[in-house]
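In what follows, a single structure is set out as structure tokens and then discussed.
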2 protein chains.
Amino acid sequence: MAPMGRPREFDAAKALDKALDVFWRHGYEGASISELTQAMGISPPSLYAAFGNKEKLFRAALDRYAEVRRQLWAELMQAPTARAMMEGLFERVIQFYAQEGNPNCCMLVKGTLTSGDCGQVIADHMSAKRAESEAMLLERFRKAKDEGELPVETDPADLAGYFMTVLDGLSIRAAAGAGREELQKIAYLAMRGWPA
Amino acid sequence: MAPMGRPREFDAAKALDKALDVFWRHGYEGASISELTQAMGISPPSLYAAFGNKEKLFRAALDRYAEVRRQLWAELMQAPTARAMMEGLFERVIQFYAQEGNPNCCMLVKGTLTSGDCGQVIADHMSAKRAESEAMLLERFRKAKDEGELPVETDPADLAGYFMTVLDGLSIRAAAGAGREELQKIAYLAMRGWPA
DNA sequence: AGACTTATATAACGACTGCTATAAAAATAC
DNA sequence: GTATTTTTATAGCAGTCGTTATATAAGTCT
């Protein structure tokens with residue numbers, strides 16, 4: 001059943017993906033409404049009718065980003081060993097960052113550093129999404145410890161924090177212009193910290 | 001001999017340090033002229049007469065930041081072994097980030113992610129400063145390799161890149177709200193990647 | 001058909017941005 | 001003293017920010 005009134009002429013999901021791309025590349029404050037509307041192919045009133053305001057649009061875009069990321073990570077988590085999972089995760093992340101045309105950083109990293117002044121709401125939202133990703137690593141490491149892949153003296157939480165930190169660092173380095181081989185060498189060294 | 005004209009009523013060096021603090025916390029675009037002038041205790045015309053414009057002021061503040069950082073690092077580089085140096089560097093950086101009231105991130109990291117749209121000039125300036133720091137690590141690692149502290153199969157450049165990446169990652173994590181103990185555990189794990 | 005409801009584009013709002021013209025103040029030069 | 005030079009604060013420039021009032025277009029409901 002079609003709703004009353006004039007039907008909207010754009011696909012809200014596709015428009016959200018376009019907005020995500022703009023936020024991803026420029027951050028919250030760096031993305032202007034005019035740039036967003038232009039990328040989304042709609043006019044400001046349509047944006048505000050569909051998404052509320054800039055902050056709500058950003059949160060919706062962030063949710064979308066986190067969902068896509070969660071799905072990708074969920075697949076990678078199924079590698080036979082935690083070590084293979086981590087290597088695969090590095091490989092996948094580096095491939096993305098080094099790909100021409102892609103945003104060469106993690107949106108959560110960029111957002112953490114750029115949305116400090118945009119109100120606590122966005123910062124909290126960002127922290128929650130970061131925690132989700134780290135929780136996936138933590139769970140996988142716990143399982144690996146239970147299965148004997150990791151030594152009993154290993155703290156899965158510390159290990160998850162360490163690899164999240166390296167992943168974040170890679171994001172910075174990619175944003176600074178590092179190429180694929182360079183990032184791969186760093187990931188290789190980071191894996192040397194794997195518990196023996 | 002005092003110059004002609006009316007003498008300036010503020011200390012340019014102190015004003016620059018105040019500007020550095022504002023840029024450090026809010027990034028280039030996030031720092032407004034009004035906030036800068038307020039922090040520096042001067043009015044806009046004084047700012048423009050003394051520093052040119054916002055971009056030049058930022059570059060001056062960045063130079064100041066890099067100089068202070070370089071001096072601190074130079075001291076730390078003199079530790080008896082490269083490993084002790086690296087541990088000391090982690091300790092010092094973490095202490096700073098975790099200190100209440102301090103900017104809880106590296107200005108070069110924040111700048112790399114926030115000044116992408118502010119013109120290539122600033123981005124290049126940022127890259128140069130990043131390279132300076134990494135070059136100090138590289139030189140110290142080369143020396144360690146020459147002295148036999150590092151195995152012959154170790155690539156000092158890769159190692160420098162790895163530790164820079166971890167340091168950058170710690171900066172992100174501190175900005176995300178991580179405390180001192182958490183950062184220390186990560187640094188401890190990062191040191192496990194030290195060549196055996 | 002006409003009433004109602006929703007989406008659309010245009011244009012504009014007040015607030016802020018980086019920056020500067022103007023004029024007064026404070027020093028030296030002659 | 002008067003002229004010159006530089007710094008100062010006030011006020012305002014044109015432009016952009018996020019957001020919205022207005023009016024028109026495009027649908028469903030009765």
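The sequence lines fix the lettering, A, B, ..., with proteins before strands; numbering per chain opens at 1. Values below: all heavy atoms of this structure, side chains included; hydrogens, waters and symmetry mates excluded. Treat the numbers as computed from the prediction; the structure is a model and nothing was measured.
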With B for base contact, S for sugar-phosphate-only contact and - for none (protein heavy atoms under 4.0 Å), nucleotides 18-26 of chain D reads SBBB---BB

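Put simply, CG on B/Leu47 is 14 Å from C1' on C/dT17, counting in whole angstrom units. Atom CD1 in B/Ile42 sits roughly 16 Å away from atom C1' in D/dT10 (whole-Å rounding). Distance CE (A/Met4) to P (C/dT5): 7 Å, rounded to an integer number of Å. Atom P of nucleotide C/dC19 and atom CZ of B/Phe58 are separated by 14 Å, given to the nearest angstrom. If you measure from atom CZ of B/Phe10 to atom C1' of D/dT7, you get 9 Å, rounded to the nearest angstrom. For B/Phe51 and D/dT8, the CZ to P distance is 11 Å, given to the nearest whole Å. Rounded to an integer number of Å, the gap from CD of B/Gln38 to C1' of D/dA9 is 15 Å.
Ion pairing of A/Glu67 with A/Arg64 is absent here, as no side-chain N (NZ or NE/NH1/NH2) approaches a carboxylate O to less than 4.0 Å. A salt bridge links A/Asp21 and A/Arg25; the closest N-O separation between the charged side-chain nitrogens and carboxylate oxygens is under 4.0 Å.
Partners of B/Gln38 under the side-chain contact (heavy atoms from CB on, under 4.5 Å) rule, at least two apart in sequence or in another chain, do not exist in this structure. Qualifying salt bridge (charged side-chain N to carboxylate O under 4.0 Å, His left out) partners for B/Arg83, counting only residues two or more places apart in sequence or in other chains: B/Glu87.
Only one option out of B/Leu57, B/Leu20, B/Leu108, B/Ile122 pairs with B/Leu62 in a side-chain contact (heavy atoms from CB on, under 4.5 Å); it is B/Leu108.
Counted by atom type alone, A/Arg69 and A/Ser133 present one or more donor-acceptor pairs between their side chains at under 3.5 Å.
A sub-4.0 Å separation between OP1 or OP2 of D/dT8 and a side-chain N or O of B/Ser46 is present.
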